[in-house]
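All values reported here derive from a predicted model rather than from experimental measurement. Numbers here are sequence positions counted from 1.
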Amino acid sequence: MTLFIWRFLSAVSAVLFVAGVIALLCMRLLKNKYYHDFHEDELLKSVKTTNSKNFIYLTTGETAKFIKKYVICKTLYDKFLICNFTKSFEEISFFVVQYNKRKKPIQVFKVTQRGAEDASRIIALSPKCQYVNVIICKADENEINHNAIRPLSITKVRVHAAIKGFMLFLSLFVMRQAIIELFGGIYTLQYLENFLNYSAIGGSFVLCIIYYFVDVLCFRRRNLNQTNGGAIEYGFI
């Protein structure tokens with residue numbers, strides 16, 4: 001191939017790489033879907049102390065039968081949540097869905113507490129959290145909600161990994177061309193037609209295939225939990 005063709009292929013690879021980045025940002029393949037829409041709970045009162053400001057909210061729906069209210073405590077550096085139960089439970093589980101100031105979900109915790117008295121233990125919240133919805137999951141023998149997040153299709157995980165793998169190949173292709181152009185000088189075309197150059201391209205392709213399988217397997221091992229709603233971002237406490 002001529003030097004022009006190599007440069008043309010590198011330019012096309014760079015364009016496709018940028019297109020892949022835009023596609024991943026727009027498609028949001030790994031974005032979580034929620035069974036429960038945001039509900040603005042009634043603010044009962046707010047209490048300001050020396051070191052914090054506490055906001056007490058009333059729960060609604062099925063949750064109110066087991067958790068009557070919760071307190072969001074905001075200090076200078078941290079945010080905490082404490083739930084007030086309607087009675088003592090041998091075991092109680094509930095989801096804490098956290099929202100930012102635009103009321104968009106940012107994280108979900110599943111809390112399980114055994115030997116619960118009248119209140120939960122202190123639950124740390126994200127610094128970005130502004131609102132919370134508490135959703136009852138299980139109280140003793142009563143199962144109310146199995147999950148708060150819809151299962152994420154493994155197909156989406158595979159498509160996401162495939163696009164990232166292809167982008168890795170494109171980036172290596174462009175970097176290889178740039179290095180040869182930078183140090184090759186008048187011998188650039190000879191280096192491009194060398195067996196080592198084609199070996200580097202083949203090695204990059206194999207590396208991307210390996211990356212695809214590793215990415216899918218790591219994602220499934222880290223986030224895929226069929227009994228708790230699929231691929232999710234739970235922080236279990």
Side-chain angles (χ1 to χ4, degrees), residues 1-34 77 98-102 104-109 124 126-129 147 149-236:
M1 291 192 295
T2 65
L3 184 59
F4 171 79
I5 294 178
W6 280 109
R7 289 175 175 173
F8 176 77
L9 291 175
S10 297
V12 171
S13 298
V15 172
L16 290 176
F17 177 82
V18 175
V21 172
I22 296 173
L24 285 180
L25 292 175
C26 295
M27 294 169 70
R28 305 181 73 182
L29 293 170
L30 303 186
K31 177 178 172 59
N32 288 323
K33 302 294 184 182
Y34 295 82
Y77 302 104
Q98 302 181 67
Y99 302 88
N100 59 20
K101 60 177 62 178
R102 294 183 298 166
K104 300 295 183 181
I106 55 174
Q107 196 174 19
V108 175
F109 288 111
S126 167
K128 298 179 181 179
C129 177
N147 50 50
I149 300 178
R150 298 180 190 276
L152 183 62
S153 170
I154 188 60
T155 300
K156 291 186 177 181
V157 176
R158 289 172 177 166
V159 171
H160 185 271
I163 294 176
K164 287 178 64 178
F166 184 58
M167 288 171 58
L168 176 61
F169 173 76
L170 294 174
S171 64
L172 293 175
F173 189 90
V174 174
M175 289 174 59
R176 174 204 51 80
Q177 180 73 23
I179 292 172
I180 293 177
E181 292 271 3
L182 182 62
F183 298 103
I186 60 175
Y187 303 104
T188 297
L189 185 58
Q190 295 181 26
Y191 286 125
L192 290 172
E193 293 179 343
N194 190 281
F195 174 76
L196 292 176
N197 180 50
Y198 289 100
S199 298
I201 296 174
S204 298
F205 183 74
V206 172
L207 180 63
C208 295
I209 293 177
I210 295 174
Y211 172 84
Y212 166 80
F213 287 106
V214 171
D215 193 35
V216 171
L217 290 174
C218 288
F219 186 92
R220 288 176 61 86
R221 179 172 294 181
R222 183 176 66 250
N223 290 327
L224 195 63
N225 189 328
Q226 296 292 349
T227 62
N228 286 296
I232 54 182
E233 292 178 317
Y234 278 142
F236 288 100

When you compare the side chain of [Y] with that of [X], does any pair of heavy atoms fall below 4.5 Å?
{"X": "Ser204", "Y": "Phe173", "answer": "no"}
{"X": "Asn100", "Y": "Cys129", "answer": "no"}
{"X": "Phe166", "Y": "Leu170", "answer": "yes"}
{"X": "Lys164", "Y": "Tyr212", "answer": "no"}
{"X": "Gln177", "Y": "Leu192", "answer": "yes"}
{"X": "Phe109", "Y": "Gln98", "answer": "yes"}
{"X": "Ser199", "Y": "Phe195", "answer": "yes"}
{"X": "Val206", "Y": "Phe169", "answer": "no"}

Crowded around Tyr198 OH? As in, over 12 foreign heavy atoms under 6.0 Å?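 Check passes, neighbour count above 12.
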
Quick one: pull up [atom1] in [X] and [atom2] in [Y] and give me the separation to the nearest 0.5 Å.
{"X": "Leu9", "Y": "Ile201", "atom1": "CG", "atom2": "CD1", "value": "8.5 Å"}
{"X": "Tyr187", "Y": "Glu193", "atom1": "OH", "atom2": "CD", "value": "15.0 Å"}
{"X": "Met167", "Y": "Leu24", "atom1": "CE", "atom2": "CG", "value": "5.5 Å"}
{"X": "Ser10", "Y": "Met175", "atom1": "OG", "atom2": "CE", "value": "12.5 Å"}
{"X": "Lys156", "Y": "Arg28", "atom1": "NZ", "atom2": "CZ", "value": "11.5 Å"}
{"X": "His160", "Y": "Asp215", "atom1": "NE2", "atom2": "CG", "value": "7.5 Å"}

What closest approach, in Å, do [X] and [Y] show between heavy atoms, and which atom pair accounts for it?
{"X": "Ile163", "Y": "Gly20", "value": "CG2-O, 4.3 Å"}
{"X": "Leu189", "Y": "Thr2", "value": "CD1-C, 4.1 Å"}
{"X": "Ala14", "Y": "Val174", "value": "N-CG2, 3.7 Å"}
{"X": "Gly165", "Y": "Cys208", "value": "O-SG, 3.2 Å"}

Working for side chain to side chain contact (heavy atoms under 4.5 Å, CB included), residues Tyr191 and Arg176: CA-CA 11 Å; Tyr191 286 125; Arg176 174 204 51 80; over 6 Å; no

Residue pair Lys104 / Tyr99, side-chain donor-acceptor N/O under 3.5 Å: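 Short answer, no.
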
Val12 and Phe17: side chain to side chain contact (heavy atoms under 4.5 Å, CB included), yes or no, with the steps? CA-CA 9 Å; Val12 171; Phe17 177 82; over 6 Å; no

Working for side chain to side chain contact (heavy atoms under 4.5 Å, CB included), residues Leu3 and Glu181: CA-CA 10 Å; Leu3 184 59; Glu181 292 271 3; 3.8 Å; yes

Report yes or no: is the cationic atom of Arg7 (NZ for Lys, CZ for Arg) closer than 6.0 Å to the six-membered ring centre of Phe4, at no more than 45° off its axis?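 So Arg7 doesn't make the cation-pi contact.
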
